[in-house]
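Shown next, in structure tokens, is the structure this report addresses.
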Protein chains: 2
Amino acid sequence: MTEQFFTYTDKFVNFRQADKELLASAMSFRHVKTKTDLVSYDKRTDELFFLLKGCLRKYYIKDGQQITIYITAENSFIGAFDSFITGTACKEIIETLEPSELLVLNKKDLDKLYKDIPLMNEFVRKILEQTLIQFQQALTSFILDSPEERYTKLLSQNPEILQRVPQHMLATYLGITATSLSRIRKRIVEKS
Amino acid sequence: MTEQFFTYTDKFVNFRQADKELLASAMSFRHVKTKTDLVSYDKRTDELFFLLKGCLRKYYIKDGQQITIYITAENSFIGAFDSFITGTACKEIIETLEPSELLVLNKKDLDKLYKDIPLMNEFVRKILEQTLIQFQQALTSFILDSPEERYTKLLSQNPEILQRVPQHMLATYLGITATSLSRIRKRIVEKS
DNA sequence: TTTCTTTCTTGTCTTTTGTAAACGTTTTTT
DNA sequence: AAAAAACGTTTACAAAAGACAAGAAAGAAA
């Protein structure tokens, strides 16, 4: 169960066995079914999640509409970082899109790990560096690319996700309406 | 000169005097005039910049057009993180918009600081956390808000920058054309 | 299976944006 | 001071996206 997690950590730093045991005992396993909220609107969250299996999305509600801003699958951390770090109530919702298996890390436990494991800061620093690069690319794509280009990029870079997530969620994730995505797809088919 | 930098670092961690001296000696001061490229297209970069004074932007070239993707002023780190971290050639350009004063940190020197200063990983981790929150907010704004809303948000959150940066650069930064921004501004004036 | 819900597509109409070019103004350079 | 470059706005037209509603298709639940 935690082997999968340490396959992930090994890409960043070489934790010693004692470190891994500390880490493993700090994280708790959680099995949740589809459509479960991991983080709720207007509440504080003190949990980070490592997704072992399944699929999650993060979304906002704007004018009564659900707008998906992030989608992720296996082997990644997710959380409402803003609320987690600053302690403020969070405006986003994180929910499962499939039955999912998670490792949950509590903020207090994380703070303890920073003290007890010397490599912990370096580990998180490296994860954040990777995450930042990804966010930078996503942000750049919004400025640089048209919705159609963003869709075709998603198609080529992450084809798997298209089978796991309903199109209307992908649409808002791309910054457009479901109607518009449907038309873009039609346009692409007609071209080929 | 470095006092200003340590006023910044103090917000994150309490470096000891010896640490600060190591840091100070690793960073070099650079004075550059307007329109100087700090990072160039298709070249690798091994430098990070802390902006003491002035204003910078990061931009891409798409279809011969300059598209600004980031603008920042005093007291922040900037760099082509992607190229800096992964060692690949970078597709963006960073240039000064005003005569600027910088502290420059080299990748090799940074790696040395990670070894010599125990708090260094924690310091960078905390900066990255803040940066990630900012990027997340920017990205969310692109998905959630209309160009007009993004402009009015920028207006209220960072009015100073409007006086320092030409409007056509702000336009692309907002993901729209200069023409469109001009129309949005007109629309806003007519409303009030 | 049958029903119910969710998802996807299509049509019409309106609004917004992009493109390209022109024009006046301001700023910078020589 | 004169010339050149950069900047901001406007116009006309084309392309794309949003809103809204209707209906088909697919999937889940009873």
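Chain letters run A, B, ... following the sequence lines, proteins first and then strands; every chain starts at 1.
Note on the helix from C:dT1-D:dA30 to C:dT30-D:dA1: terminal axis deviation equals 60°, with five pairs used at each end and the result rounded to 10°.
Protein atom CD1 of B:Ile184 is 12 Å distant from nucleotide atom C1' of C:dG18, rounded to whole Å. Remark: P of D:dA16 and CD of A:Glu149 are 12 Å apart, rounded to the nearest angstrom. Rounded to an integer number of Å, the gap from A:Glu148 CD to D:dA16 C1' is 10 Å. Atom-to-atom, CG of B:Leu181 to P of C:dT16 comes out at 15 Å; the value is rounded to the nearest Å. Taking atom CD1 on A:Ile67 and atom C1' on D:dA19, their separation rounds to 13 Å, with Å as the unit. Regarding A:Glu98, its CD atom lies at a distance of 16 Å from the C1' atom of D:dA28, rounded to whole Å. Atom pair A:Arg150:CZ and D:dA16:P shows a separation of 14 Å (rounding to whole Å applied). The CD atom of B:Gln66 sits 10 Å away from the P atom of D:dA6 (whole-angstrom rounding).
Toward the 5' end of DNA chain C, the nearer of the two residues B:Ser146 and B:Lys35, judged by each one's closest nucleotide, is B:Ser146.
In this structure, A:Lys91 forms no cation-pi arrangement with A:Tyr60, as its terminal cationic atom is not both closer than 6.0 Å to the ring centre and no more than 45° off the ring axis.
Interface residues of residues 157-179 of chain A facing DNA chain C, ordered by number: A:Pro166, A:Gln167, A:His168, A:Thr179; criterion, heavy-atom separation under 4.0 Å.
Contact annotation for B:Arg183: base contact, defined as any heavy-atom pair under 4.0 Å involving a base atom.
Look at A:Ser180 and you'll find a side-chain N or O under 4.0 angstrom from OP1 or OP2 of D:dG18. In this structure, B:Arg187 reaches the C:dT17 phosphate: one of its side-chain N or O atoms is under 4.0 Å from OP1 or OP2.
Between the side chains of B:Thr152 and B:Glu149, no donor-acceptor pair of N or O atoms lies under 3.5 Å.
Of the listed nucleotides (D:dT10, C:dT9, C:dT17), D:dT10 has the atom at the smallest distance from the side chain of B:Lys186. Of the candidates C:dT17, D:dT9, D:dG18, C:dT17 carries the atom nearest the B:Pro147 side chain, counting heavy atoms from C-beta on.
With respect to the salt-bridge test (charged N to carboxylate O, under 4.0 angstrom), the residues B:Asp109 and B:Lys112 do not qualify. Taking a cutoff of 4.0 Å between a charged side-chain nitrogen and a carboxylate oxygen, A:Glu95 and A:Arg57 qualify as a salt bridge.
Each of A:Arg164, A:Lys35, A:Lys53 was compared with A:Glu98 under the side-chain contact (heavy atoms from CB on, under 4.5 Å) criterion, and only A:Arg164 meets it. The only member of B:Leu103, B:Thr2, B:Leu102 that meets side-chain contact (heavy atoms from CB on, under 4.5 Å) when paired with B:Phe50 is B:Leu103.
The minimum heavy-atom distance linking A:Leu56 with A:Leu51 is given by the pair CG-CD2, 3.8 Å. Annotation for A:Ile93 and A:Ser40: closest pair CG1-C, 4.4 Å, computed over non-hydrogen atoms.
With sequence neighbours left out, the side-chain contact (heavy atoms from CB on, under 4.5 Å) criterion links A:Thr36 to A:Val32, A:Lys33, A:Thr96.
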